[in-house]
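Reading through the structure tokens given below for one structure.
Just so it is clear: chains get the letters A, B, ... in the order the sequence lines come, proteins before strands, and each one is counted from 1.
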Amino acid sequence: MLYDYKSIEKKWQQRWDDAHAFEAKQDFTLPKYYSLVEFPYPSGQGLHVGHPRPYTALDIVSRKKRMQGYNVLFPMGWDAFGLPTENYAIKNKIHPRIVTERNVARFKSQLKALGLSFDWSREINTTDPDYYKWTQWIFIQLFKEGLAYKKEMAVNFCTSCKVVLANEEVVNGVCERCGSAVIRKVKSQWMLKITEYADRLISGLSGLDFIERVKTQQINWIGKSKGAEIDFKTTAGDSLRVYTTRCDTLFGATYMVIAPEHEYVAKWKELLTNYDEIEAYKALAAKKSDFERTELVKEKTGVELKGVRAINPANGKEIPIFISDYVLAGYGTGAIMAVPAHDERDWEFAKKFGLPIIEVVAGGNVEEAAFTDVETGKLCNSGFLDGLEVEDAKAKMIEFLEQNGIGNERVNFKLRDWVFSRQRYWGEPIPLVECEKCGWVAIPEEQLPLTLPEVDSYEPTENGESPLSLMTDWVNCSCPRCGGRAKRETDTMPQWAGSSWYFLRYCDPHNTEALASPEALKYWMPVDWYNGGMEHTTLHLLYSRFWSKFLYDIKTLPCDEPYAKRTSHGMILGENGEKMSKSRGNVVNPDDIVNDYGADTMRLYEMFIGDFEQAAPWNPQSIKGCKRFLERFMNLLDMAKGEGTTPELEKHINKLIKKVTSDIDSMKFNTAIAAMMAMINTVYEVGKITRDELKTLATVLSPFAPHVAEEVYETLGGKGLVSLAKWPEYDESKCGDDVCEMPVQINGKVRGVVTVDKNASKDDILGLAKADAKIAAALADKTVVKEIVVPGKIINIVVK
RNA sequence: GCGGGCGUGGCGGAACUGGCAGACGCGCCAGACUUAGGAUCUGGUGGUUACCCCGUGCAGGUUCGAUUCCUGUCGCCCGCACCA
């Protein structure tokens, strides 16, 4: 039978559409399964071969769940706001909406060609005003709850995109998107208080089925640390507060360091005798980009603040104060006590500036290197702490600090608040106005969505303001509260806004009264299985967990964690093992593969290529193996005769169903396919198969290669769609063998194989083994020391 | 530096809680059918090969038995990066 994949695929895709086969049912009494893949950014390049890997994987999961009787929600949509579209629009003078529409159309037809069982009736688009109405609504709730605030602050600013970036968007000191230098710029920005959720974002992970590397990466990013804050009195008559995780080493603090941006530099101006020098250092630090700052890690720099000294509260000694950019303004209090004997950075700095190093934890040689071990050392030179171990000394010191009112226990996080405004056009307008009398006021919810106005130019202004700032008619408005003169916020939201809640909209995408109905959210949420890229672990995944927790707190969402399970796929690399990119010239176009081999072959190959979680290089040669398999599968139609079972195949088929069922659940798609290939090989060896059996095989194949499966199923007279057929059951009693082959080892080396009954006793097995001619010969002149029999596994005879 | 992961044939990769290393596929070799084959089918395919033997980055260890567990070491990938 000719495998005419083009007509087969067209035919079945049409039939699925006509039957609305993959639309989630509105019946909330059915058992539900919500499987989700990250919705793509519809770029101008079209689909990449990397996209179908996670999509096909979760399509397989969804298809199987559907066949197992679940009401499955497997939706798709478009995360369509963003810079590339805007940049394209600027360059080609086309409205970003038109560009987006075009890209979406292309993506959609490409995804449809792959036979993915998305519920297209729930398609969403973040740039649709009916969608971003609710993105804006959530922002207003955050604003009302005090979690959105505007702050004048030093932000990351991309010199090329002319836009503010979140910490998460700065990679190695350069812009994640364009690779240009990122500098610090003081701007007034909308911020979201994600830090208020830092603790819950860590603790919430414990009950979730996330792959371990996602959990640890999020925990590290949030960076919880326990320590203490301590006040140091100064000769200026005030006190300087520091944060430390090693309050036990307070007696060893021989100097202090504050960040260049620390407010005390200005406060102490009159007292400082070398203010010019300090100012110069400050200016230099400000000019450095993040990249330069990290480049200069090796060499510590700094300037002493001459004229003010601090007093160590533990021993009353006067110590100097420095400014240095190795202390960060944004973490802790922006000031530290330096304990060179027990901190590597302080040690380096002390060596360079000739500062005293006092050992307060015995166990190392502090003249050679900082001794940072907290397990073995004992306190010394520390008055009332002497002789204690580090942990005990910490507790005692905190007690001391609190009793004397000079400090307290304190928890800090690395996580920063989320910089939420962008000086760009193609994003959700921030639905706030600034009234001359009332300050910032949210626009009334019934006026949402606040739509993007039409502008003449999408380019940011030279001074880095949003293009919307030039639209004076739009900007000038009246205050919703007092009716007075007001101006609209002209910044837009970052791309991450729309994707922070999109999985909720899928539950009820056409709702005009709420982001989704409470009933729909209660039924569908949380997402049962969410797969996406590792690159989103500290961005989208964290942000969307934050928003979910917030929506839970304001009683909009019934669960406080949005995803029950999170997995991540490996990248598809180019033929040469490198990341696919235009510049490397190793990009594979999925359209070509679908055209030359068919969607089913493409799907199979993407799943067969290797471990789902591991990166794998594309190999154009290997694809044909998958196509051959499908051809061989279809050719079984010529062989299939009669009904019932074939004795030689019965066990194999039962085992296959068992393996494929469990392999899909544990995302071992590659071995599931290998097992199906082996099954077909067995059928060809045996030379016969019944029509019933082939129908079963088609059913098992259908999540992987749905078009071929439908075709075979229909030809065999199967009723309805195999995509909606019942997933086959297997008979456990028919999965095992009555007899098994057991290898016989002598001193751990295989010397023969015996066939034994499944229920044979150890003695019987051993008897059989020894009766084997080869084994008997090998044992002839040896003394048996030990005999090991593991039924079903192995026989090992140890001899001398 | 810290955190996570990975080293298995010519290639992608299999191997359940330690139990016949190399499933499945690609490639390659031989044969069949063919005017032809980059189509299809059959057989073979870790090294050396009659056997023995050697083989999961390297060196040790635990064990009757180690790709799997432990120690050390080398190499690669990813994430974070002066977070006090």
Check your understanding: Is there a side-chain hydrogen bond (donor to acceptor under 3.5 Å, both in side chains) between A/Thr301 and A/Tyr281 once you walk through the steps?
Key -> CA-CA 9 Å; A/Thr301 59; A/Tyr281 183 82; 2.7 Å; yes
Table of protein N/O atoms under 3.5 Å from nucleotides 26-33 of chain B N/O atoms:
from	atom 1	to	atom 2	distance (Å)
B/C26	OP1	A/Arg628	NH1	2.4
B/G27	OP1	A/Lys624	NZ	3.2

Polar pairs (N or O, both sides) under 3.5 Å between protein and nucleotides 74-77 of chain B?
none

Atom pairs under 3.5 Å: protein N/O with N/O of nucleotides 49-53 of chain B:
from	atom 1	to	atom 2	distance (Å)
B/C53	OP1	A/Arg751	NH2	3.2

Check your understanding: How would nucleotides 14-23 of chain B be written as a contact map, 5' to 3', with B for base contact, S for sugar-phosphate-only contact and - for no contact, using protein heavy atoms under 4.0 Å?
Key -> SSB--BB--B
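Residues meeting the ring-ring contact (aromatic ring centres under 6.0 Å, His included) test with A/His262, sequence neighbours left out: A/Tyr264. With sequence neighbours excluded, the residues that form a salt bridge (Lys or Arg N to Asp or Glu O under 4.0 Å) with A/Glu38 are A/Arg566. Under the rule for a salt bridge (Lys or Arg N to Asp or Glu O under 4.0 Å), A/Lys786 has no partner lying at least two apart in sequence or in another chain. A/Asp592 is linked by a side chain to side chain donor-acceptor pair (under 3.5 Å) to nothing, counting only residues two or more places apart in sequence or in another chain. By the side chain to side chain donor-acceptor pair (under 3.5 Å) test, A/Lys658 is found to be paired with A/Glu732, residues two or more places apart in sequence or in another chain being considered.
A/Phe413 does not carry A/Lys224 over the face of its six-membered ring by the limits of under 6.0 Å from the centre and within 45° of the normal.
To the nearest whole angstrom, the two P atoms, one in B/C29 and one in B/U68, are 35 Å apart. Atom name P, nucleotides B/G37 and B/A30: the rounded distance is 13 Å, in whole Å.
Residue pairs meeting the salt bridge (Lys or Arg N to Asp or Glu O under 4.0 Å) criterion with at least one partner in residues 611-625 of chain A, sequence neighbours excluded, are A/Arg213-A/Glu613.
Panel note: side chain A/Asp346, backbone A/Val339; a donor-acceptor pair is recorded below 3.5 Å.
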Could you list the donor-acceptor pairs under 3.5 angstrom formed between side-chain atoms of residues 571-580 of chain A and any protein atom two or more places apart in sequence or on another chain?
from	atom 1	to	atom 2	distance (Å)
A/Asn576	OD1	A/Glu578	N	3.1
A/Asn576	OD1	A/Asn586	ND2	3.1
A/Glu578	OE1	A/Arg584	NE	3.0

Study note, to complete from the structure: Its dot-bracket string being built from Watson-Crick and G-U pairs below 3.5 Å, with | for another strand and [ ] for crossing, RNA chain B has the pattern (((((((..(((......[....)))((((((.......))))))((.....))..(((((..]....))))))))))))....
